[in-house]
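To start, the structure itself, in structure tokens.
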Amino acid sequence: MALLELKEITMQFGGLTAVDHLDLRLEEGVIFGLIGPNGAGKTTVFNLVTGVYKPTSGSIYFKGERIDGKPPYSITAMGISRTFQNIRIFKSLSALDNVKIGRHCKSSMNLFHSVIPGPFTAREERDIEEKSMEYLRMVGLEHKKDILSKNLPYGEQRRLEIARALACEPKILLLDEPAAGMNRQEKTEIMDLVRRIRDTLGVTVFLVEHDMKVVMGVSETVAVLDYGKKICEGTPSQVQSDERVIEAYLGRRARRTRKAV
Amino acid sequence: MNVKKLISLSIAALLIVSVTAGCSGGQPTQKSAEQKPPEQKLADTGPIKIGFLGALTGNVASYGINTLKGMKLAVEEINAAGGVLGRPLEIVIEDNRGDKTEIANVTKKFVTRDKVAAVIGDPTTGGTKVAAAICQENKTVLVSAGAVGPGVVEIGDYIFRDVVIDPIAVPAVVKWLKDSLKWKRVALIVSVNNDYSVGQAKLFEDALKKEGIEIAIKESIQDGDTVFTSQVTKIKKANVDGMIAPIYYTEGALLMIEAKKQGLNKVFIGGDGLLSPVLWELAKGATEGCMVFAGFSPDEPDEITKKFIDKVKQVYNEEPDMFHAQGYDAVYLVADAMKRANSADPSVFKTALAQTKDLRGVCGVLTILPNREPLRTPINVLEVKGQKFALKARVPVTAPQ
Amino acid sequence: MFLTQLVHGLTLGACYALIALGYSMVYGIIGLINFAHGDIYMLGSFFALYLTSVVKMKIAPAFLIAMGLTSLVGLVIERVAYKPLRRSGRLSPLISAIGVSIFLSTLLNMYMGPQTRGFPDVITELQVKLGEIVITTTQLYIVAMSIALMLLLRHIVMRTRVGQAMRACSWDREVASLMGINVDQIIALTFAIGSALAAAAGVMMGVYFNAWWPLMGFSAGIKAFTAAVLGGIGSIPGAMLGGVVLGLVEILGSAYLQSSYRDAISFTILIIVLLVRPSGLLGRKIEQKV
Amino acid sequence: MIDAYTIQILVVFGINAIMALGLNLITGVTGQLSLGHAGFMSVGAYTAAIMTLRLHTPYVLNLLAAGVVAGLSGVVLGFPTLRLYGDYLAIATLGFGEIVRVLFLNLEITGGGLGLSAIPSKTNLAVVYACLGITLYVMSKIQKSRVGRALMAIREDEVAAIAMGVNSTSLKVQAFAVGAFFAGISGGLYAHYLTYINPNDFGFMKSIDSLSMVVLGGMGSLPGVLLGAAVLTYAPEKLRFLQNYRMICYGAFLVFMMVFRPNGLLGGTDLRQLVKASFKGLNWGAMAKQGARTREGIGGSKDGIA
């Protein structure tokens with residue numbers, strides 16, 4: 001049984017088909033890359049998996065359970081968490097608080113618990129604090145825990161967002177262009193981090209990325225989207241040599257260039 | 001964890017205390033001067049303080065401002081004639097914006113800081129009730145110039161008012177409408193967010209029922225409204241003999257303009273809330289023939305009233321309305337009681353105040369009944385004629401059994 | 001009876017639309033819930049009252065001068081109370097606007113007294129009779145004026161360079177300034193136009209209802225806010241539509257339901273409309289970009 | 001040393017602060033602009049008044065009932081309207097406040113426009129400050145808890161909060177319920193303090209007053225809200241010497257305060273930071289500055305103009 005499976009997923013916005021009869025299977029423990037030219041529908045796939053959008057047709061299974069149509073927060077609670085293309089950390093909260101919010105679905109204190117103190121709540125709060133620090137440490141931000149997250153440099157904000165997503169203890173982590181806007185040094189660090197996440201935590205990683213070097217360097221399986229359709233899937237080397245992929249990237253670019261001229 | 005919590009809470013508490021310390025530390029000099037024992041204020045020869053309670057800003061400012069103008073005139077006259085018990089009167093003025101919390105604040109300030117002998121106001125019934133509870137508790141006399149609704153003097157034996165009270169006036173006026181004008185079918189208009197209007201409308205409903213006059217239609221407006229089109233259209237369709245409108249003059253004038261626009265040529269009658277020159281200043285003839293019942297009559301006045309009207313015109317360059325008159329009378333009512341009791345101590349002169357009998361004021365003759373409600377007689381029915389109120393009838397009233 | 005009520009409702013709606021237009025414009029461009037808009041409206045009405053009754057001016061010049069003076073005041077207010085707060089969230093300018101509102105209304109309360117004042121007879125009132133309905137010239141003026149101003153405003157915003165700059169500022173101020181637009185100037189201009197529109201509304205309403213008082217802006221401000229939101233924030237035709245719907249609901253609601261429940265009826269309808277169309281009648285759908 | 005006038009101001013401050021703290025949870029912490037908070041206060045005040053006048057129930061029970069009924073009304077308002085965002089929500093809450101006011105003006109049991117009078121005077125300084133203490137305790141506990149962090153996450157970025165597993169609708173309703181509960185308590189205290197209530201006392205201006213307290217003090221910061229309530233309760237009284245110019249100056253004062261401290265007096269600082277700051281002898285001003293937040297999220301709907 002695949003960990004995550006998309007069957008015949010179609011998503012239409014008005015007349016525009018963003019995702020077109022897409023089938024994807026992610027086995028547990030893989031690092032799976034999804035690439036494609038701009039506007040190919042990669043982020044839409046993430047939004048479909050996390051429940052932000054409800055697919056026009058088709059179905060999505062997670063651990064064998066159908067999840068499309070469920071509210072996003074309960075999908076997260078089942079073990080799918082994500083980062084965003086344009087960083088969406090909680091800007092005026094400290095780095096530690098950001099990660100603590102990631103622990104939301106792994107803790108259960110409700111309104112009454114927070115007002116009426118007890119050994120259970122104290123223990124849970126301590127657990128949240130310790131676990132959150134662990135994830136901060138994992139991304140190398142433990143010394144910046146009290147800094148407001150909006151004051152962190154860009155690369156650290158990205159890593160903080162990953163730590164926040166990990167704090168949910170997901171089975172599968174969706175990373176939306178984690179290396180965007182980073183320099184080479186930072187990109188290498190991110191690739192290391194992704195590998196470490198899978199190797200030490202055993203989390204399956206589902207990656208959307210623009211940067212070929214990053215995707216090819218870290219993924220075990222890569223799928224290519226073009227106009228919402230999957231045109232190719234395989235190992236990085238298989239994909240890199242596929243005609244259709246080259247055409248989608250280069251051919252289009254060539255056509256576009258001609259048009260612009 | 002617990003220690004942290006304690007600290008954070010105590011910091012918060014500290015904050016409050018420091019803020020409030022700022023509050024009380026505000027006027028140290030004044031306070032030390034006023035922290036003398038209460039007997040002192042009654043014995044010495046300084047001015048007798050009267051607190052003015054009313055709004056000078058906000059929605060009900062026009063009532064407060066005019067009440068204050070009336071009070072100022074009375075105080076000037078009394079002081080010019082040597083004051084009360086050889087001491088001059090002094091008005092302590094504070095604005096309350098018509099806000100109940102501020103009314104409570106101001107009243108507390110009057111009774112504890114200024115140590116006034118009496119509080120005059122508030123012109124609204126609701127405000128008076130808030131202030132009355134405080135005055136009663138602090139044993140300071142309160143005379144409301146304007147509170148006509150029920151449940152005011154019941155608050156305690158320090159609480160009085162000098163108005164035409166509706167439970168006495170309304171039945172008399174309704175009887176007069178039936179006997180003299182032969183009204184059989186009326187429309188009743190009430191301003192739902194005005195306690196004066198709601199209270200008076202209820203009394204009208206009872207009295208009309210008792211006299212067998214049919215209420216063909218009951219329409220609601222709100223204070224602050226300018227649009228009355230749908231109400232007037234409905235009233236016009238109801239085909240009535242006249243409209244009973246226990247509302248205030250601004251809404252009254254605008255309502256009558258709309259009525260004239262739509263060709264509703266029937267007469268409006270309302271209480272002293274309508275008694276203001278605003279009626280014709282605003283309505284340019286649309287209010288012609290409109291009737292108002294009140295204790296105060298600018299037409300065919302007696303000596304005292306005429307003098308008062310002239311004075312208001314001379315000092316403020318305006319026609320007096322109900323609030324001028326009530327403010328003026330309230331000061332004289334208090335001064336009269338102090339003179340008879342030969343004391344400015346509220347606990348003493350309140351007894352004299354309760355025994356007031358046939359006191360001539362600008363609003364007619366005032367007697368305080370045994371239940372401390374005022375009885376004013378007669379009730380004047382006035383009619384708008386051009387730019388003035390003309391006396392149409394005098395309706396005598398007697399104390400209820 | 002129904003037609004008469006309908007005419008009254010439309011007139012009242014046109015009045016609300018007039019106030020809402022300026023409100024919605026400022027709102028669309030700087031996203032400020034301008035609680036002082038009602039008081040600017042009151043001020044515009046005051047200028048006209050002063051000019052017609054004290055200076056004995058005719059209504060047409062008084063109308064224009066009032067608009068001019070009010071837009072100057074609008075500029076000053078923007079400079080003093082809102083400009084310093086442009087980068088500090090949305091609630092701080094809102095509180096600042098409340099401060100301005102209290103300031104203006106109490107200032108006028110002090111100088112003019114709280115009493116309601118009527119306008120001199122500035123418009124010769126003629127009546128047009130169509131069967132049972134009676135339409136007055138003032139009503140016609142108001143409806144015509146609000147339609148004309150709406151069209152003018154829409155033209156300015158959609159068809160002129162200034163309007164283009166305004167729209168740019170409303171989408172993204174930073175990008176607009178990078179494109180060489182003087183954002184400060186555009187916002188100031190928006191305020192000036194918005195205030196002038198408020199003044200126009202104030203004069204028309206003052207004349208129509210024959211009433212001016214210092215606190216008249218309070219309820220007008222709430223009505224404008226309601227009409228603008230009902231129509232869809234920032235949408236100029238929306239403000240117009242929202243105003244008309246609000247006016248109709250108020251008049252017909254008090255005519256056929258309970259007049260004492262008038263405000264409750266209109267707000268209930270507002271909430272129902274928003275539940276069905278969460279961004280107003282003509283508002284653009286809020287897209288939560290993920 | 002403390003006379004009745006001072007006590008009066010202190011009581012009014014306490015009642016205002018409880019109400020503002022409730023609103024702070026909704027607006028300051030959760031980021032939902034509410035313009036109808038006085039509606040909740042009104043529900044509380046009328047609940048307490050009707051219970052005491054009709055059923056002669058004990059004071060403490062009245063207060064509790066005031067809070068509970070107001071809290072329930074918060075839930076009732078919350079469920080349908082919390083699907084709305086930004087200013088659309090704001091106008092819906094404003095509408096709620098007005099609907100409550102009009103309803104109370106028309107109902108028989110609330111005395112309509114006459115209001116309710118002769119409510120027993122029970123509220124005193126001790127009771128108010130006990131309630132304020134409880135409110136502060138509850139609020140500081142909530143803000144530091146899992147729920148509080150989730151609420152702040154909703155304020156900062158609702159989409160991201162949901163992606164972190166936060167059920168934002170449910171939590172927003174809870175925030176409204178708790179905020180309304182305390183507004184109800186403050187309404188109950190108010191009714192038993194002034195002994196007379198009228199629907200017009202809980203109009204839009206009252207909602208705006210408490211919103212001003214929250215914003216002026218610094219949204220989301222408990223000491224900030226306390227300070228805001230203190231300043232805005234005290235300022236109109238302190239300005240009395242200005243006589244006729246009082247409210248003019250008050251208006252100018254509001255503008256000046258906002259221009260001078262756009263993020264509120266203590267914007268962005270929380271109790272914990274203040275405690276630490278006071279221990280370490282740090283500069284409070286710097287602390288506030290570091291914590292200063294821009295609050296673009298609130299009511300933010302980029303609609304443009306068309």
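Order of the sequence lines sets the chain letters (A, B, ...), proteins ahead of strands, with each chain counted from 1. The figures here come from the full heavy-atom set of this structure, side chains too, leaving out hydrogens, waters and symmetry mates.
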Quick one: pull up OH in Y73(A) and CG in L171(D) and give me the separation to the nearest 0.5 Å. 9.5 Å
Interface residues of residues 65-73 of chain D facing chain A - heavy atom cut-off under 4.5 Å: none
All pairs passing ring pair (Phe, Tyr, Trp, His ring centres under 6.0 Å) where residues 160-184 of chain D contributes a residue, at least two apart: none
Could you tell me whether R198(A) atom CZ has more than 12 heavy atoms of other residues or ligands within 6.0 Å of it? yes
Which answer fits S74(A), side chain, backbone, both or neither, if we ask what part of it has an atom under 4.5 Å from a heavy atom of chain D? neither
Please state whether the side chain, the backbone, both or neither of S107(A) comes within less than 4.5 Å of a heavy atom of chain D. both
Would you mind telling me which of S145(D), S168(D), A161(D), A160(D) has the largest number of heavy-atom pairs within less than 4.5 Å of chain A? A160(D)
Residue selection (most heavy-atom pairs with chain A, distance under 4.5 Å) from V178(D), N167(D), V166(D), V138(D): N167(D)
Check for a donor-acceptor pair, side chain of R146(D) on one end and backbone N or O of H104(A) on the other, with a separation under 3.5 Å. yes
Check ring-ring contact (aromatic ring centres under 6.0 Å, His included) between F112(A) and all other residues, then give those that pass, not counting sequence neighbours. none
Region of I101(A) in contact with chain D, defined by heavy-atom distances below 4.5 Å: both
Nearest non-hydrogen partners of V159(D) and F84(A), listed with the distance: CG1-CE2, 4.1 Å
Do you know the tightest heavy-atom contact between T76(A) and I162(D)? OG1-O, 3.7 Å
dist K106(A):NZ -> M164(D):CE (nearest 0.5 Å) comes out at 13.0 Å
Rounded to the nearest 0.5 Å, the CD atom of E156(D) sits from the CG atom of L93(A) at a distance of 4.5 Å
Flag the pair K141(D) / T121(A) as yes when at least one side-chain heavy-atom distance between them is below 4.5 Å, and no otherwise. no
Contact part of E161(A) toward chain D, heavy-atom cut-off under 4.5 Å: side chain, backbone, both or neither? neither
Any pair with a residue in residues 118-157 of chain A that passes ring pair (Phe, Tyr, Trp, His ring centres under 6.0 Å), sequence neighbours left out, goes on the list, sorted by first then second residue, please. H113(A)-F120(A)
Atom pair OG/CE of S92(A) and M152(D) - distance to nearest 0.5 Å: 9.0 Å
Side chain, backbone, both or neither: which part of P71(A) has a non-hydrogen atom closer than 4.5 Å to chain D? neither
Between E125(A) and R149(D), does any NZ, NE, NH1 or NH2 come within less than 4.0 Å of an OD or OE carboxylate oxygen? yes
Side chain, backbone, both or neither: which part of N98(A) has a heavy atom under 4.5 Å from chain D? neither
